[in-house]
Protein chains: 2
Amino acid sequence: MNKDPYSLSAEEFYARGDSYFLPHISIDCVIFGFHDNQLKVLLLEWKDSLRWSLPGGFILKDEDIDQAATTILLKRTGLEKIHLHQFHTFGDPNRDRKKHGINPPKGSNPKSWIMDRFITIGYWALVEHSKVTPSPDSFSRSCSWCEVSEVPDLILDHNLIIDKALESLRLQLNDYPVGFNLLPTKFTMPELQSLYETILGEKLDRRNFQKKMLSLGVLTRLNEQKQGGAHKAPFLYKFDKKKYQMALKRGLSFGI
Amino acid sequence: MNKDPYSLSAEEFYARGDSYFLPHISIDCVIFGFHDNQLKVLLLEWKDSLRWSLPGGFILKDEDIDQAATTILLKRTGLEKIHLHQFHTFGDPNRDRKKHGINPPKGSNPKSWIMDRFITIGYWALVEHSKVTPSPDSFSRSCSWCEVSEVPDLILDHNLIIDKALESLRLQLNDYPVGFNLLPTKFTMPELQSLYETILGEKLDRRNFQKKMLSLGVLTRLNEQKQGGAHKAPFLYKFDKKKYQMALKRGLSFGI
DNA sequence: TTGTTATTGTGTTAATTGTACACAATGATA
DNA sequence: TATCATTGTGTACAATTAACACAATAACAA
């Protein structure tokens, strides 16, 4: 009971994880990134099978659920201080590894607490793709980005969880500057537009988009231009948090 | 293990409820009603103290969480087939009766599963005030309506849960016809406007409101007028579900 | 019976916002 | 140096929202 619960061996975890973590409750994270004009999510590939799943974890008996989600994000990406958004809790009684032929690793107790029915709390996060160091957990062989429209069959209801996360993200997009978290500090207007188009799944008018974004008054145009492109060099912008805080007070909408 | 889990005595429930229900997880319902131009919520007054709380309950080991919430709503209001909206899950580790001086009834085990830390899933529902028969649970002396701005101090974080439910309701108001569920089948335009004003907490222009509502094409004006008022008799309207289904397909917004 | 009052029904107009386009400027390439 | 794809900026029109005026009605008081 006094070991680091994140350093347990698989056997110990299956046998006695419930002395550290709450039973029947888990957390799953949909971690979004944006790269090559594609919206991607971070997936785990399991060690001993061809299964894929979302990064997830459990809640320490005296831990806040937001903190538990933050820990999961940190361990899979190396990132701290990222805003996590809780979007839905999934409670179908079929969320049960027993009912899906998912077995504990050989040598572990097949009656483990992990094999019970679980309710999972879904969070999404927006991270800067280039800053992420994807790290598998001890049950996975790899942790990697996957384009959202090419996600394979995942365990349990994890595909549904991604769908719901995307739906929630689209709704948030109209009220909060979620897009900016996905881009590097400096970005061009076409990059920002491409991001919005990808999340919303529709093409937007280039000129009206720029007009709208600049009218929010939360972007600062830098005296630099993006070099290396094959055509006219676009200006670089940065998201101005101070201006954003000011703008929030008078109310602003990111609706496109 | 084969009794009706909802007919347990208090002693049995505290001692062995966790053989029927999931531990550490509860559901709390914010049940909204509208009466006398006031938005109200249903509260429980506890038997053995001066405490108040939201109607809540637990999840059977093999029960869907939405179903569990539906059961809670049915038991407190007598109503079925009401849309419940899951809006947030509350996971502060201080959600623990032990830490708030809330004790089991005399004669029950003070180490009961109920005295552990609980994560609660919040749902709200909109019900027609006149159709509700408020019924206390076995731990409460009364179940009654309370105006949302006059809610007393509730146990644990139940006041926060109501705040979050209201916030979620306001957001939904702009996308779904939530208001109509709170009114009787036949209602007047001023009544509908008063409901929107109460939920949003702001005054709206009478003429623009009517124009907007009628333009949605989901209301049918009846050949009747509300009698008994002190002034000009307003027309009665009803919400037309068929028209609503049609309108949904082409997309519509209730934004005010 | 009749005027007063508060409320409802139905417009019209002005301001704002959103949509659809046109054209010049730029940087790499041929 | 001409071409091409792309970026920067502006303008006209449509749609929506906001602001406002006046007639009709029902209860009440004189």
Side-chain angles (χ1 to χ4, degrees), chain A residues 36-37 170 173-175 177 179 183-184 186-198 200-238 247 250-256, chain B residues 36-37 170 173-175 177 179 183-184 186-198 200-238 247 250-256:
Chain A
D36 289 338
N37 278 354
R170 289 197 181 113
L173 194 62
N174 285 328
D175 292 311
L183 293 171
K186 299 175 182 181
F187 53 87
T188 67
M189 195 58 74
E191 284 167 349
L192 182 61
Q193 180 178 347
S194 167
L195 170 59
Y196 269 74
E197 288 178 338
T198 305
L200 293 171
E202 59 176 318
K203 287 283 169 195
L204 302 169
D205 183 275
R206 185 172 64 83
R207 294 151 288 192
N208 295 334
F209 180 84
Q210 162 146 335
K211 210 184 304 172
K212 177 80 183 177
M213 280 296 145
L214 294 180
S215 75
L216 295 172
V218 299
L219 293 183
T220 303
R221 186 162 97 176
L222 305 172
N223 288 323
E224 310 175 55
Q225 292 171 285
K226 179 128 184 172
Q227 303 299 329
H231 303 286
K232 179 172 180 177
F235 283 107
L236 286 165
Y237 292 85
K238 71 179 175 71
R250 64 169 195 274
L252 86 182
S253 164
F254 288 81
I256 300 293
Chain B
D36 290 337
N37 278 352
R170 288 196 181 113
L173 195 61
N174 285 328
D175 292 311
L183 293 171
K186 298 175 182 181
F187 53 86
T188 67
M189 195 58 75
E191 285 168 348
L192 182 61
Q193 180 177 347
S194 167
L195 170 58
Y196 269 74
E197 288 178 340
T198 305
L200 293 170
E202 59 177 317
K203 287 283 168 194
L204 302 170
D205 183 274
R206 187 172 63 84
R207 295 151 287 192
N208 293 335
F209 179 83
Q210 162 146 333
K211 210 183 304 171
K212 178 79 180 176
M213 281 296 146
L214 293 180
S215 75
L216 295 172
V218 299
L219 293 183
T220 303
R221 185 162 98 178
L222 306 172
N223 288 321
E224 310 174 56
Q225 290 171 285
K226 180 126 181 174
Q227 302 300 329
H231 302 287
K232 179 171 179 177
F235 284 106
L236 285 166
Y237 292 84
K238 71 181 177 71
R250 65 167 194 273
L252 84 184
S253 164
F254 289 81
I256 299 292

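Each chain gets a letter, A, B and so on, in the order the sequences are listed, and its residues count up from 1. Values below: every heavy atom of this structure, side chains too, minus hydrogens, waters and symmetry copies.
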Quiz item: Any side-chain heavy atom of A/Met189 sitting closer than 4.5 Å to one from A/Leu219?
Solution: yes
Quiz item: Can you check whether A/Lys238 reaches A/Leu222 side chain to side chain, under 4.5 Å on heavy atoms?
Solution: yes
Quiz prompt | Distance in angstrom units between A/Leu204 CG and C/dT19 P, rounded | solution = 10 Å
Quiz item: What's the CG-P distance between A/Leu219 and D/dG8, to the nearest Å?
Solution: 13 Å
Quiz prompt | Rounded distance in Å - CG (A/Asn208) to C1' (D/dC13) | solution = 12 Å
Quiz item: Would you say the side chain of A/Gln193 lies within less than 4.5 Å of the side chain of A/Arg206, judging by non-hydrogen atoms?
Solution: yes
Quiz item: Can you check whether A/Thr188's main-chain N or O pairs, donor with acceptor, with A/Glu191's side chain at less than 3.5 Å?
Solution: yes
Exercise. Mind calculating the distance between CE (B/Met213) and P (C/dG9) to the nearest angstrom?
Key: 15 Å
Exercise. Mind checking B/Lys211 for me? I need base, sugar-phosphate or nothing, with any heavy atom below 4.0 Å counting as a touch.
Key: base
Quiz item: In terms of side-chain heavy atoms of A/Phe235, which of C/dC21, D/dG8, C/dG9 is nearest?
Solution: D/dG8
Quiz prompt | B/Asn174 CG to D/dT17 C1', straight-line distance once rounded to whole Å | solution = 14 Å
Quiz item: Rounded to the nearest 0.5 Å, how far does CG of A/Leu195 lie from CG of A/Leu173?
Solution: 7.5 Å
Quiz item: What is the per-nucleotide protein-contact pattern of nucleotides 21-30 of chain D, from the 5' end, where B denotes a base atom under 4.0 Å from a protein heavy atom, S denotes such proximity for sugar-phosphate atoms only, and - denotes neither?
Solution: B--BBSS---
Quiz item: Which whole-number value in Å describes the distance from A/Leu216 CG to C/dT17 C1'?
Solution: 13 Å
Quiz item: To the nearest angstrom, how far is B/Glu191 atom CD from C/dT7 atom P?
Solution: 14 Å
Quiz item: Taking for each residue the nucleotide of DNA chain D bearing the nearest heavy atom, is the 5' side occupied by A/Gln210 or by B/Lys212?
Solution: A/Gln210
Self-check item: B/Tyr196 ring center near B/Phe209 ring center (under 6.0 Å)
Solution: yes
Quiz item: Could you state the interatomic distance from CZ (B/Phe235) to NZ (B/Lys226), rounded to the nearest 0.5 Å?
Solution: 15.0 Å
Quiz prompt | d(CE, B/Met189; P, C/dT8) in whole Å | solution = 11 Å
